[in-house]
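The structure under discussion appears below in the form of structure tokens.
Letters A, B, ... mirror the listed sequences (proteins, then strands); counts begin at 1. Note that the structure is predicted; figures quoted are calculated from it, not measured.
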There are 2 protein chains.
Amino acid sequence: MTGNLSLERGLAVLDLLKDIDEPIGVRDIARRLDQSAAAVQRILNTLAEHGYVEQIAESRRYRLGHSVLALARYILRKDRLVGLAEAELQALAAEGCFNAFLAVRRDDRGLYLLTVQSKSPVVIRSSPGESFPLHSTALGKALLMELSAEAIIEILGQAPLERLTPRTVTEISKLVVQIHGSESVGYTTSIDENFAGLIAVGAPVRDASGAIVAGISVAYPRSVGPLVEIAEVGETVMAAATRISASLGYRDARSQHKDPSHAA
Amino acid sequence: MTGNLSLERGLAVLDLLKDIDEPIGVRDIARRLDQSAAAVQRILNTLAEHGYVEQIAESRRYRLGHSVLALARYILRKDRLVGLAEAELQALAAEGCFNAFLAVRRDDRGLYLLTVQSKSPVVIRSSPGESFPLHSTALGKALLMELSAEAIIEILGQAPLERLTPRTVTEISKLVVQIHGSESVGYTTSIDENFAGLIAVGAPVRDASGAIVAGISVAYPRSVGPLVEIAEVGETVMAAATRISASLGYRDARSQHKDPSHAA
DNA sequence: GAACAGCATTCCTAAATAAGGAACACCCTT
DNA sequence: AAGGGTGTTCCTTATTTAGGAATGCTGTTC
């Protein structure tokens, strides 16, 4: 898997700007990426020509440019997965007063593709393009379903699992057990594990080959918990996920849950 | 203005994928960009590592990857202009049953940053990241305000002005006169010029230096036109644009004297 | 107010890097 | 079974980049 190193360096600049809120100077970028100022200057010139970065007129510092929206539009308007999921998420948000999410895995993090806020006063502020931890969220666990213990450790084992609340599972072996246990029921949960007072229920989305390519989840405040049976929410979320999977061409041999390994 | 040619080629691939709806193969990209398949392969490998492109498993073709959303999030959530304009656009959409837009100029096209749909049944389907012609839209003309005739010709003169409706202004000299004429009233209009039956009114947004950095507009069906005086809509739009400009630090010498802070 | 320290930006040449033809493996269709 | 299509990799040439030094600018400090 050989690549293009110059392009790599340019993308590193983009990725850096993405993670920095404040505009940043050429030399500052060069320092952080361990490159010469001249090299970064040339990279910024090229990125600026395409509108992917912009220079603040007076401070001469750089930030991401507005043209990146044109790229995002492709995903939000042309991507099949996003298009199919949107109606399902909105139905979930409307029916159950849930916040609803669609995400994919990106290395050791989840990446929100769609976020639909509930009509209820309690709203979870997340937006498409935002990333989130896999180990503490229902959606993250759904994205890790049907992976072997080795594969999960390969993905999450590089860094210690961050303790976000007292109930976060920080032992990877326990997390593996939890995820593997969820495969028989078909949905995942996170109760106070990512944010105190928040309950989330997730389920995986499959493409035509049967591979898990995305996940959806709903989240709601713990306070309404007693009113709703988690298992019931799980069935609702699973049903929505299954409909999305079916639209993507997934045909489950057994229309019930369980045993997805032999999808023809 | 020297740049980085390898990065340039990589961005060309991104820009191509952005404009193509269907996934595309390596050799096909190479043909369109007049490069070798091997070079494009290396570029795609690097882009894929960052998640900016994805390969369809079975067809082995490539399309834009979901990570581009992470870049867009920066603009939609961190950009000052977008943040300030959002409330104003929503107010415009709610009060007047208008579709409301925020955009910047990108070379010879406009680029929507925000689009807010009206509550009325007639909705204009546009989304952030979409581009639009400057010469036939109120928003486009607002983005060209206060430019000299030479500058406007420099921007739009490369290609003939496309006739989108019978009322589109396709003579650049007439367009210049129209734009310059709008500067004294402060707002721009497009009546059936971009899309038959559609009326739009736009106004420029300025930063602290007084330069026009963006524009806003509202659009509504011609059928409700007789009910609303365009001049009145113009004042409403201008007022919203002025508020955004003020939030960006613009202090107009000619505007109403409120001026609480000291200007040096 | 002058020297200074920081900045973005440009030039030039050594040296790292990418390009491209050819080759390989893998579908399809014929 | 053959042919044309695909994505992908290898290897050498030579294109292209990197980086120190230089420039001009801005704001700060002594």
Side-chain angles (χ1 to χ4, degrees), chain A residues 1-17 20-65 207-209 211 249 264, chain B residues 1-17 20-65 207-211 249 263-264:
Chain A
M1 175 89 81
T2 56
N4 184 314
L5 193 50
S6 296
L7 176 56
E8 169 70 34
R9 285 185 266 250
L11 297 183
V13 172
L14 274 188
D15 283 341
L16 174 62
L17 290 174
I20 302 286
D21 282 4
E22 291 303 308
I24 183 175
V26 174
R27 287 175 125 87
D28 210 347
I29 296 173
R31 268 189 293 272
R32 297 193 197 217
L33 299 181
D34 200 29
Q35 291 180 31
S36 71
V40 172
Q41 180 73 51
R42 285 186 294 266
I43 288 169
L44 287 170
N45 285 343
T46 300
L47 289 172
E49 265 173 39
H50 285 253
Y52 293 142
V53 304
E54 286 168 357
Q55 186 174 34
I56 314 283
E58 52 181 37
S59 75
R60 307 199 118 188
R61 281 200 252 266
Y62 290 84
R63 63 173 175 200
L64 278 190
D207 69 5
S209 76
Chain B
M1 177 90 80
T2 54
N4 183 315
L5 194 51
S6 297
L7 176 57
E8 169 70 35
R9 285 185 266 249
L11 298 182
V13 171
L14 274 188
D15 283 342
L16 174 62
L17 289 175
I20 303 286
D21 281 5
E22 291 303 307
I24 183 175
V26 174
R27 287 176 127 90
D28 210 347
I29 296 173
R31 267 189 295 273
R32 298 195 196 214
L33 300 182
D34 199 32
Q35 293 178 32
S36 72
V40 172
Q41 180 73 50
R42 286 185 292 263
I43 288 168
L44 288 170
N45 285 343
T46 300
L47 289 172
E49 267 174 37
H50 286 252
Y52 292 144
V53 305
E54 286 169 357
Q55 186 175 33
I56 314 282
E58 53 182 35
S59 74
R60 306 200 121 187
R61 282 200 250 269
Y62 290 85
R63 64 173 173 199
L64 278 190
D207 68 6
S209 76

Checklist entry - How many angstroms lie between CD1 in Ile29(B) and CD in Gln41(B), if you round to the nearest 0.5 Å? => result 9.5 Å
Checklist outcome for this item: When rounded to whole Å, the CD to P distance for the pair Glu8(A) and dT17(C) reads 12 Å
Checklist entry - How far does CG of Leu16(B) sit from CG of Leu64(B), to the nearest 0.5 angstrom? => result 9.5 Å
Checklist entry - Within less than 4.0 Å of OP1 or OP2 of dC7(C), is there a side-chain N or O belonging to Arg61(A)? => result no
Checklist entry - Are side-chain heavy atoms of Asn45(A) and Asn4(B) found at a separation under 4.5 Å? => result no
Next on the checklist: Minimum heavy-atom separation for Arg61(B) and Pro23(B), please, with both atom names.
Outcome noted: CD-O, 3.3 Å
Item to check | Rounded distance in Å - CD (Gln55(B)) to P (dC27(C)) | outcome: 13 Å
Checklist outcome for this item: When the rotation axes relating C1' atoms of four end pairs to the next four are compared across the helix from dG1(C)-dC30(D) to dT30(C)-dA1(D), five pairs an end, they differ to 10° by 30°
Item to check | Criterion side chain to side chain contact (heavy atoms under 4.5 Å, CB included) on Gln35(B) and Val13(B), from CA distance to verdict | outcome: CA-CA 11 Å; Gln35(B) 293 178 32; Val13(B) 171; 5.6 Å; no
Checklist entry - Say you draw a straight line from CG of Leu7(A) to CG of Leu5(B); how long is it, rounded to the nearest 0.5 Å? => result 12.0 Å
Next on the checklist: Return whichever of Arg9(A) or Thr2(B) has its heavy-atom-nearest nucleotide of DNA chain C closer to the 5' end.
Outcome noted: Thr2(B)
Next on the checklist: Tell me the interatomic distance from Tyr62(A), atom OH, to dA8(C), atom P, rounded to whole angstroms.
Outcome noted: 8 Å
Item to check | Side-chain (Gln55(A)) to main-chain (Arg60(A)) donor-acceptor, under 3.5 angstrom | outcome: yes
Next on the checklist: So if I take residues 27-45 of chain A and measure heavy-atom distances to DNA chain D, which residues fall below 4.0 Å?
Outcome noted: Ser36(A), Ala38(A), Ala39(A), Arg42(A)
Item to check | Separation of Leu14(A) CG from Leu11(B) CG (nearest 0.5 Å) | outcome: 7.5 Å
Item to check | Contact boundaries on DNA chain D for chain A, cut-off under 4.0 Å to non-hydrogen atoms | outcome: dT9(D) to dG20(D)
